[in-house]
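Input: a single structure, listed below in structure tokens.
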Amino acid sequence: MTWISDVPAWTAQYLPALLRGLGYTVIAVVISGIVGSLVGMVLGLAATSPLPPARWISNIYTSIIRGIPPLIILFFMFFALPILFPLLTFSPAFTAILGLSIYAAAYVGEIFRGSINAIPQGQSEAAEALGMGYFVKFRYVIVPQAMRIVLPSGMGFLISLVKASALASAIQYAELTKEANIISTINNQPLVVFLVAAALYFVISYPMALLGRWWERKLA
């Protein structure tokens, strides 16, 4: 049981780096989650628009992005894009956040589209009978109801975005998985290091899962 006596020294030496990586993970998830949600909302509204070009653009974007693994998106932006356009050379942090935002927007857009379509047609017809225009109807009738449906699913996707953020380690973004990999090569203790990293991922994901379940029960 001598390893127990090594725990304080191990914690003091390596835990700060893991917590720093966790901080970078949270930053990437929060920013890409916000940007992806805003763009996804626009895509969802465009997908349900009466204007065919808006629907086409939304459908093409979501179909392409959802058909590509997020790791390929990150690799393309970090390695291939500078070859095609030398001026478009981004840092690992910017690439990670932008790539995850592009990935998130496609999925959030589909969540919004499904939520808007789930609202009974009678709601839309009643708003139109009251003389509401298209944008007023969406602002005061459709979107508020759709948001109640979006939130539980959106929280579930945010948890998957936390896990997807680990892919950013492949482009040298110093998030949690990257720090864990560096430490495991230094101390040759991958079992301990990645168990601690898994526990830190769980610490930020589990409260989000609980919040999503609470939201579902509240809406039931």
Side-chain donor-acceptor pairs of residues 111-122 under 3.5 Å, sequence neighbours excluded:
residue : atom : partner : partner atom : Å
R113    : NE   : E110    : OE1          : 3.4
R113    : NE   : E110    : OE2          : 3.2
R113    : NH2  : E110    : OE1          : 3.1
S115    : OG   : I111    : O            : 2.8
N117    : ND2  : R113    : O            : 3.3

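- Sorted by first and then second residue, the salt bridge (charged side-chain N to carboxylate O under 4.0 Å, His left out) pairs with a member in residues 82-97 form an empty list; sequence neighbours excluded.
- Shown here are the side-chain hydrogen bond (donor to acceptor under 3.5 Å, both in side chains) partners of S124, two or more places apart in sequence or in another chain: K137.
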Side-chain donor-acceptor contacts of residues 28-52 below 3.5 Å, not counting sequence neighbours, with atom names and distances?
residue : atom : partner : partner atom : Å
S32     : OG   : A28     : O            : 2.5
S32     : OG   : V29     : O            : 3.4
S37     : OG   : G33     : O            : 2.6
T48     : OG1  : G44     : O            : 3.2
T48     : OG1  : L45     : O            : 3.1
S49     : OG   : L51     : N            : 3.0

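- Y206 and I204 are assigned to two separate hydrophobic clusters, defined by single-linkage of ILVMFWY side chains at heavy-atom distances under 4.5 Å.
- Hydrophobic side-chain contacts under 4.5 Å tie V203 to no other Ile, Leu, Val, Met, Phe, Trp or Tyr residue.
- Every pair passing side-chain hydrogen bond (donor to acceptor under 3.5 Å, both in side chains) that includes a residue from residues 154-172 is listed here, sequence neighbours excluded: Q172-K178.
- Screening residues 189-210 for salt bridge (charged side-chain N to carboxylate O under 4.0 Å, His left out) gives no qualifying pairs among residues at least two apart or on separate chains.
- How far CG of L200 is from CG of L18: 6.0 Å, rounded to the nearest 0.5 Å.
- A donor-acceptor contact shorter than 3.5 Å links the side chain of T25 to the backbone of G21.
- Every side-chain contact (heavy atoms from CB on, under 4.5 Å) that L211 has, sequence neighbours left out, goes to M155, W214, W215.
- Smallest separation of non-hydrogen atoms from E179 and A17: CG-O, 3.5 Å.
- Legend: side-chain hydrogen bond (donor to acceptor under 3.5 Å, both in side chains) pairs involving residues 99-108, not counting sequence neighbours: none detected.
- Taking CD1 of I27 as the start and CG of L22 as the end, the distance is 10.0 Å to the nearest 0.5 Å.
- V193 and L191 end up in different hydrophobic clusters when Ile, Leu, Val, Met, Phe, Trp and Tyr side chains are linked at under 4.5 Å.
- Counting heavy atoms from C-beta on, the side chains of L176 and Y24 never come closer than 4.5 Å.
- Atom-to-atom distance recorded for L210:CG and M208:CE is 11.0 Å, nearest 0.5 angstrom.
- With sequence neighbours left out, the side-chain hydrogen bond (donor to acceptor under 3.5 Å, both in side chains) criterion links E125 to no other residue.
- L19 and Y173 end up in the same hydrophobic cluster when Ile, Leu, Val, Met, Phe, Trp and Tyr side chains are linked at under 4.5 Å.
- Between the side chain of T185 and the backbone N or O of I182 there is at least one donor-acceptor pair closer than 3.5 Å.
- Taking hydrophobic clusters as Ile, Leu, Val, Met, Phe, Trp and Tyr residues chained together by side-chain heavy-atom distances below 4.5 Å, I57 does not share a cluster with I60.
- Of the inter-residue distances, the one linking Q189 atom CD with L195 atom CG reads 11.5 Å to the nearest 0.5 angstrom.
- Put simply, V192 and F194 are part of two different groups of oily side chains (I, L, V, M, F, W, Y) that touch within less than 4.5 Å, one to the next.
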Considering only distance and modelled atom types, tabulate donor-acceptor pairs under 3.5 Å from the side chains of residues 70-97, sequence neighbours left out.
residue : atom : partner : partner atom : Å
T89     : OG1  : P86     : O            : 3.0
S91     : OG   : F94     : N            : 3.1
T95     : OG1  : S91     : O            : 2.8

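- For Y201, the side-chain hydrogen bond (donor to acceptor under 3.5 Å, both in side chains) partners two or more places apart in sequence, or in a different chain, are E175, T177.
- Distance alone, capped at 3.5 Å, places no donor-acceptor pair between the S205 side chain and the F202 backbone.
- Contact record, A105 with Y61: CB-OH, 3.9 Å, taken as the closest heavy-atom pair.
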